[in-house]
Amino acid sequence: MIVMKNEDVMNLARKRGFLWSSFEIYSGVAGFFDYGPLGATLKNKIMNKWRNYYVVQEGFYEIESPTIMPEEALKASGHVDHFNDPMTECKDCMDVYRADHIIKEATGEEVEGLENQRLTEILSEEKIHCPKCGGHLTHVWSYNLMFQTLIGAKGKKTGYMRPETAQGIFIPFKRLLRFFRGKLPFGVVQLGKAYRNEISPRQGVIRLREFTQAEAEIFVDPRDKSHPNFKAVAGEILTLYPAISQEKGGESIKITAQKAVDNKIVASEMLTYQLCLARRFLMELGLSEDVLRFRQHLSTEMAHYAIECWDVEVYTDRYGWIEVIGIADRTDFDLKSHSQHSTEDLRVFLEYPEPRVVKKLRVKANMGKFGPLFKGDAPKILKALEEIDAEDIKQSLDTDGVFQLEFNGTMHELTPDLISFPELEENLRGEKIYPHVIEPSYGIDRIVYSVLLHSFTEDQDRTYFQLPAEVAPVEVNVFPLLNKDDLGRAALHIRDDLRKENIIAEDDTSGTIGRRYARSDEIGVPFAVTVDHQSLEDHTVTIRERDSQKQVRVLISNLPETIKGLISGKIKFEEF
RNA sequence: GCGACUGUAGUCUAGUCUGGUUAGGACUUGGGCCUUCCAAGCCUACGACCCGGGUUCAAAUCCCGGCAGUCGCACCA
């Protein structure tokens, strides 16, 4: 049974301090949300769980880079060009077009890079109308998904809020490569805010203008996308929705990770391994198999940097299937592009298993003649010769008897008596290549939302978040059964003892015990400890489990250890 | 971005059409009473007309603008 009610979930989340829209007293700004006291803790716990997965278990390292980036870096990444489209809209049929595209279609002129105002003028000068219905077009506006800012007192340098955390990992690649002592594969992660100035963010926490990403960039040898630990996940069953099924209107398929690779449904072990990891992560957060699927991007929707991408989607009642994680093979797009724009060599030297012997021609000058002929220019001409493929020079000499070299604006004729071509055996130990990047990119806010949505439970007389104990923002509540005698004081002692053991413990004395259980359940506290009169006599208390509402009695002295075991899952409540 | 509709305590809502007393109720929440285990009851307290401007003797109510929300269109590299 799956109960989801976006409305009820968001109401409860707002009421109990998980999530609310930001800047409410100034009537709010669309696309921004606050995490309240419980929400922030829940989110942090989910992020820490993510760290445990990727940093501790996978052995990747976390870095932190600035959220403001200079224009050059985002030009290299392709974001400046892809986020700056001049748009125009038909006043009649309301279709939206790229203004430069329409003009090019109508006039054949390339107008890319012109100012919006100029484009607007061209539209009216050339009497260009809506290609669909012939209606009038609006003025041209910039459709820019990045938040722009100016860096420095004089504000001469344009900066942008980063649209993804990934770039912060690609840019210092040389230093990272050195940190990992030059060996592939290695993984670097970053958790942090990213910013996109969405046109119309109207889907609550699903499309935020400022959101939290957790991204891992795994740098791999492009010729070897196997995974050393693939066996560990090979038997896991994945719900895949490949591009080809989507195009044919087909259904998703259930298939083992091994078969997905064997049948080439997913391109590599590396990618498939990441799918399995994502699935495990979400399931441990309480999302069940039947609300999860992996949808492959169609070639038309793929981002500019990827060759293959799988979205991990979660089913929601309000929005249908939503993407919570994107797992992409970004190839060498980013490193190559940053190399070209920055002139830094971001390649990795990969050693061959065996050195390769390559036979090669070398240009050898007969210095006895070469020197006197060219005098002072001789060394420079020699250097220029080395830049040219020896095969080409030899061929030219063999056929024409002369090789023309342009140097410093004058032509020099090189004759066969000046140079010879001894054959050399070169010992190649490896080559320099751009690593490929496998990138799982988690949308933390959407995951928090999914966890709340799917943990939301309504039974006959309770409404509550059935959060996994591991991520519950309050781990245990301590209640005196009644507000009299010394029960309250005893409860506070117990609460403090639990806190000393790093357990998130709260107390509540307001209202009847039933009301307090209800309040406690509502925010998903997995366990409640109740102090009664018997506690004062035999030093025992009861532990009540949220989901079963059953109680067991334990010694107060064993309580912290028991609660810890229950939260971590090492002790099962049913086993008492 | 465009259009339609909507906006009263934490929540749900009465009042708005037809301008006029101290903006009413329920739930929630805080304090207290009662209470030996699952939102009971009683007393009590806190708490609101989205923001700005206009019309008027007087605006929650009428008008204009803004913001936000919902829906539709579009957008979502």
Side-chain angles (χ1 to χ4, degrees), chain A residues 6-8 10-17 20-32 36 74 77-85 87-98 130 132 135 138-146 163-164 196-204 206-209 297 300-306 309 318-319 322-323 326 328 459-464 477 479-485 487 508-522 528-537 541-546 548-551 553:
Chain A
N6 172 71
E7 205 95 319
D8 295 342
M10 289 311 284
N11 283 342
L12 185 54
R14 192 180 313 118
K15 175 176 152 195
R16 297 306 307 271
W20 53 71
S21 34
S22 302
F23 317 117
E24 274 178 326
I25 66 166
Y26 298 107
S27 60
V29 182
F32 295 96
L74 289 161
S77 69
H79 287 88
V80 168
D81 295 330
H82 283 86
F83 275 66
N84 257 321
D85 296 337
M87 306 297 284
T88 183
E89 186 182 23
C90 172
K91 287 173 185 167
D92 296 336
C93 70
M94 298 223 226
D95 262 15
V96 173
Y97 304 96
R98 285 268 303 256
C130 173
K132 198 169 113 192
T138 62
H139 68 277
V140 176
W141 76 90
S142 259
Y143 167 56
N144 188 341
L145 240 55
M146 287 198 288
E164 59 172 4
R196 297 181 190 183
N197 199 359
E198 300 283 354
I199 294 177
S200 177
R202 280 194 302 196
Q203 296 162 43
I206 301 302
R207 264 174 85 202
L208 294 172
R209 286 180 166 137
H297 273 205
T300 49
E301 68 179 310
M302 204 104 63
H304 60 270
Y305 48 70
C309 184
R318 177 71 175 72
Y319 309 109
I322 58 163
E323 174 197 356
D459 57 33
Q460 283 170 345
D461 38 28
R462 293 196 297 168
T463 297
Y464 62 108
N477 260 317
F479 302 138
L481 182 60
L482 298 170
N483 272 316
K484 58 182 193 181
D485 305 323
L487 297 181
D508 186 357
T509 58
S510 168
T512 61
I513 188 71
R515 180 174 287 275
R516 282 176 273 155
Y517 285 145
R519 269 202 293 258
S520 174
D521 289 346
E522 201 171 52
V529 167
T530 305
V531 183
D532 58 14
H533 282 109
Q534 190 184 332
S535 308
L536 302 181
E537 288 158 21
V541 288
T542 62
I543 303 176
R544 169 189 177 274
E545 192 200 32
R546 174 195 65 205
S548 64
Q549 297 178 268
K550 295 211 171 99
Q551 285 177 301
R553 193 167 275 276

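Because the structure is predicted, anything quoted here is derived from the model rather than measured.
When each of A/Glu522 and A/Ile25 is assigned the nucleotide of RNA chain B bearing its nearest heavy atom, the one mapping closer to the 5' terminus is A/Glu522. Between A/Tyr319 and A/Asp508, the residue anchored closer to the 5' end of RNA chain B is A/Asp508, taking for each the nucleotide with the nearest heavy atom.
Rounded to the nearest Å, the gap between the C1' atom of B/U8 and that of B/C34 is 36 Å. A distance of about 33 Å separates the P atoms of B/C76 and B/G7, rounded to the whole Å. Nucleotides B/G24 and B/G47, compared at atom C1', are 14 Å apart to the nearest Å. B/G25 sits 13 Å from B/C46 when the P atoms are compared, rounded to a whole Å. Nucleotides B/U70 and B/C50, compared at atom C1', are 16 Å apart to the nearest Å. A distance of about 35 Å separates the P atoms of B/A14 and B/G32, rounded to the whole Å. On the C1' atoms, B/U35 is 12 Å away from B/C42, given to the nearest whole Å. Spacing of P atoms, B/C27 relative to B/G65, comes out at 41 Å, to the nearest Å.
Using Watson-Crick or G-U wobble geometry with both donor-acceptor distances under 3.5 Å, B/A48 finds no partner in any strand shown. Pairing for B/A26 goes to B/U11, judged as Watson-Crick or G-U wobble with the two contacts each under 3.5 Å. Checking B/C62 for Watson-Crick or G-U wobble geometry (two distances, each under 3.5 Å) identifies B/G54 as its partner. The partner of B/C37, taking Watson-Crick or G-U wobble pairs whose two distances both stay under 3.5 Å, does not exist in any strand shown. Pairing of B/C73, defined by two Watson-Crick or G-U wobble distances under 3.5 Å, is identified with B/G1.
Contact detail for A/Leu481 and A/Leu487: the closest heavy-atom pair is N-CD1, 4.2 Å. The shortest heavy-atom contact between A/Arg553 and A/Asp532 is NH2-OD2, 2.6 Å. Among all heavy-atom pairs drawn from A/Pro480 and A/Thr509, the shortest one is CG-CG2, 3.9 Å. The two atoms that bring A/Ala30 and A/Arg209 nearest to each other are O-NH1, 2.8 Å, heavy atoms only. Across all their heavy atoms, A/Ala528 and A/Phe479 have their closest contact at CB-CE1, 3.9 Å. Nearest heavy-atom pair across A/Gln551 and A/Thr542 is NE2-OG1, 3.3 Å.
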Could you list the protein-to-nucleotides 8-14 of chain B atom pairs, N/O on both sides, closer than 3.5 Å?
none

Which atom pairs link the protein and nucleotides 65-68 of chain B when you take only N or O atoms and keep those under 3.5 Å?
{"unit_1": "B/C67", "atom_1": "O2'", "unit_2": "A/Ser27", "atom_2": "O", "d": "3.3"}
{"unit_1": "B/C67", "atom_1": "O2'", "unit_2": "A/Ser27", "atom_2": "OG", "d": "2.9"}
{"unit_1": "B/C67", "atom_1": "O2'", "unit_2": "A/Gly28", "atom_2": "O", "d": "3.4"}
{"unit_1": "B/A68", "atom_1": "O4'", "unit_2": "A/Ser27", "atom_2": "O", "d": "3.1"}

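Rounded to whole Å, atom C1' of B/U35 lies 16 Å from atom CZ of A/Phe479. Atom pair A/Arg202:CZ and B/G3:P shows a separation of 13 Å (rounding to whole Å applied). To the nearest angstrom, P of B/C75 lies 14 Å from CG of A/Leu145.
Between A/Thr512 and the phosphate of B/A40, there is a side-chain N or O to OP1/OP2 separation shorter than 4.0 Å. Considering only side-chain N and O atoms, A/Arg16 lies nowhere under 4.0 angstrom from the phosphate OP1 or OP2 of B/U29.
Looking at A/Asp461, its side chain has no donor and acceptor atom pair within 3.5 Å of the base of B/C38. One donor-acceptor pair, N or O on each side, does fall under 3.5 Å between the base of B/C38 and the side chain of A/Arg544. Counting atom types as modelled, A/Glu198 pairs no side-chain N or O with a base atom of B/C75 as donor and acceptor under 3.5 Å.
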Exercise for the section: Please lay out, stage by stage, how A/Glu164 and A/His79 fare under the test side-chain contact (heavy atoms from CB on, under 4.5 Å). Expected result: CA-CA 10 Å; A/Glu164 59 172 4; A/His79 287 88; 3.3 Å; yes
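The only member of A/Arg516, A/Arg515, A/Arg16, A/Arg462 that meets salt bridge (charged side-chain N to carboxylate O under 4.0 Å, His left out) when paired with A/Asp521 is A/Arg462. No option in A/Lys550, A/Glu545, A/Arg544 other than A/Glu545 meets the side chain to side chain donor-acceptor pair (under 3.5 Å) test with A/Ser548. A/Tyr517 pairs in a side chain to side chain donor-acceptor pair (under 3.5 Å) with only one of the listed residues (A/Thr530, A/Thr512, A/Asn477), which is A/Thr530.
Distances from the side chain of A/Tyr517 to the nucleotides B/C37, B/C76, B/U35 place B/C37 closest.
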